[in-house]
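Note that these values count all heavy atoms, side chains included, but never hydrogens, waters or copies made by symmetry. Remember, it's a predicted structure, so these values are computed and weren't measured experimentally.
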Amino acid sequence: MNEMTQEETAALNERHRQRMERKKAVIDAKIAAADKEIGIVVVNTGNGKGKSSSAFGMVTRALGHGMKVGVVQFIKGAMSTGEEKFLRRFPDEVSFHAMGEGYTWETQDRERDIAKAGQAWEQARRFLQDPSYGMVVLDELNIALKYKYLDVHTVIADLLDRPVMQHVVVTGRAAPPELVAVADTVTEMNVVKHAFKAGIAAQAGTEW
């Protein structure tokens with residue numbers, strides 16, 4: 001591969017500078033226009049890995065800003081995760097409630113799953129009515145909605161009625177369109193490749 005001359009390098013650097021200058025002007029204008037300060041609803045969905053991981057990353061970010069965080073785990077709960085073990089070290093900053101009894105194919109009891117989801121939503125509602133919580137994470141809520149363990153319209157009404165500066169993060173596959181419609185930020189995570197397909201068991205630290 002031929003090396004660029006000094007003149008070619010200088011020209012490339014100048015074109016890059018000009019592009020970044022134009023880009024900065026566009027981004028600065030968008031930042032200036034985004035002047036609202038309000039709590040947002042974030043939905044992480046899709047079949048790819050990382051929905052809950054992203055949510056708990058936001059938890060650490062919120063804690064870094066001095067926020068109090070409430071976590072309710074729907075479905076999950078039969079096995080303690082690394083996130084739960086870590087966040088329980090901070091009981092004054094994080095209120096953590098793992099209220100499921102395991103994945104739906106493990107429990108195989110719809111009535112019991114509905115009852116557990118109802119109890120979990122009562123805890124979620126307490127967080128959503130308490131302005132001292134700057135962030136509320138509703139982990140795997142989408143699964144409870146998908147299987148109709150909870151009424152999506154009731155859930156949305158409670159979300160919209162929360163304190164104005166409170167952030168909510170909802171995770172789980174198959175987010176219902178009604179929730180997507182009212183959310184402020186929605187990310188769909190897609191699978192490119194996953195170790196499990198190659199026969200590699202779920203590993204502590206990467207999967208749970």
Side-chain angles (χ1 to χ4, degrees), residues 39-109 112-113 116-117 119-128 130 132-147 149-150 166-175 179 183 185-208:
I40 65 171
V41 175
V42 177
V43 174
N44 294 337
T45 192
N47 294 330
K49 174 178 165 51
K51 298 177 288 293
S52 296
S53 301
S54 172
F56 287 114
M58 282 184 270
V59 168
T60 61
R61 182 178 293 163
L63 293 174
H65 287 289
M67 296 182 188
K68 188 176 177 182
V69 179
V71 178
V72 179
Q73 286 191 311
F74 297 77
I75 313 301
K76 295 175 182 175
M79 180 179 70
S80 181
T81 63
E83 297 96 334
E84 179 183 357
K85 290 177 180 178
F86 177 73
L87 292 174
R88 286 196 185 282
R89 300 176 189 176
F90 308 95
D92 294 335
E93 293 89 359
V94 183
S95 182
F96 200 112
H97 296 263
M99 303 191 69
E101 292 185 325
Y103 295 104
T104 53
W105 59 85
E106 294 286 356
T107 60
Q108 301 177 16
D109 187 337
R112 188 172 180 86
D113 288 341
K116 294 298 292 185
Q119 293 169 15
W121 189 250
E122 287 304 315
Q123 178 57 58
R125 184 179 282 126
R126 285 191 282 273
F127 287 146
L128 294 170
D130 188 342
S132 71
Y133 285 92
M135 178 177 285
V136 177
V137 173
L138 305 174
D139 191 33
E140 302 292 357
L141 171 61
N142 288 335
I143 302 300
L145 294 172
K146 173 185 176 181
Y147 288 112
Y149 297 164
L150 296 169
Q166 187 182 79
H167 304 300
V168 179
V169 186
V170 179
T171 75
R173 299 183 181 200
L179 179 60
T185 299
V186 180
T187 300
E188 184 171 1
M189 299 180 179
N190 297 313
V191 179
V192 175
K193 191 176 183 180
H194 198 292
F196 185 70
K197 291 291 182 68
I200 301 173
Q203 303 293 305
T206 60
E207 302 291 338
W208 52 274

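- For R126, the side-chain hydrogen bond (donor to acceptor under 3.5 Å, both in side chains) partners at least two apart in sequence or on another chain are Q123.
- With E83 contributing its side chain and S53 its backbone, the two residues share no donor-acceptor pair below 3.5 Å.
- Annotation: side chain of F127 is not in contact with side chain of L138 (no heavy-atom distance under 4.5 Å).
- Residues F56 and L87 form a side-chain contact, since some pair of their non-hydrogen atoms from C-beta on lies under 4.5 Å apart.
- For the atom pair CZ of R173 and CD of E140, the computed distance is 9.0 Å after rounding to the nearest 0.5 Å.
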Point to revise | Verdict with reasoning, V69 to E93, per side-chain contact (heavy atoms from CB on, under 4.5 Å) | key: CA-CA 6 Å; V69 179; E93 293 89 359; over 6 Å; no
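- Residues Q119 and M99 meet the side-chain proximity criterion, which asks for heavy atoms closer than 4.5 Å.
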Exercise for review: Please test V71 against Y133 for side-chain contact (heavy atoms from CB on, under 4.5 Å), starting from the C-alpha separation and ending with a verdict.
Suggested key: CA-CA 10 Å; V71 178; Y133 285 92; over 6 Å; no
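- Of all non-hydrogen atoms in M189 and S54, the two that sit nearest each other are CE-CB, 3.9 Å.
- Here the closest heavy-atom approach between residue I75 and residue A144 is recorded as CD1-N, 4.5 Å.
- The closest side-chain heavy-atom distance from L141 to V72 is not below 4.5 Å.
- Within the structure, the salt bridge (charged side-chain N to carboxylate O under 4.0 Å, His left out) test picks out the following pairs touching residues 42-53 (sequence neighbours left out): K49-E207.
- Considering all non-hydrogen atoms of both residues, V191 and G48 come closest at CG2-CA, 3.5 Å.
- To the nearest 0.5 Å, atoms CG (D113) and OH (Y147) are separated by 10.0 Å.
- Counting heavy atoms from C-beta outward, F74 and N142 have side chains that stay 4.5 Å or more apart.
- Residues E84 and A98 approach most closely at OE1-CB, 4.0 Å, considering heavy atoms.
- Enclosure of atom CZ in R61 is not indicated, since only 12 or fewer non-hydrogen atoms of other residues, nucleotides or ligands lie within 6.0 angstrom.
- Listed by chain and number, the residues in a ring-ring contact (aromatic ring centres under 6.0 Å, His included) with H167 amount to none (sequence neighbours excluded).
- A distance of 6.5 Å separates CG in L179 from CG in L145, rounded to the nearest 0.5 Å.
- The two residues G57 and T60 make their nearest non-hydrogen contact at O-OG1, 2.6 Å.
- In this structure, M67 CE and S132 OG are separated by 12.5 Å, a value rounded to the nearest 0.5 Å.
- Atom CE in M135 sits 10.0 Å away from atom CD in Q166 (nearest 0.5 Å).
- D139 and T171 share a donor-acceptor pair across their side chains, judged by distance under 3.5 Å alone.
- For the pair T45 (side chain) and A174 (backbone), a donor-acceptor distance under 3.5 Å is present.
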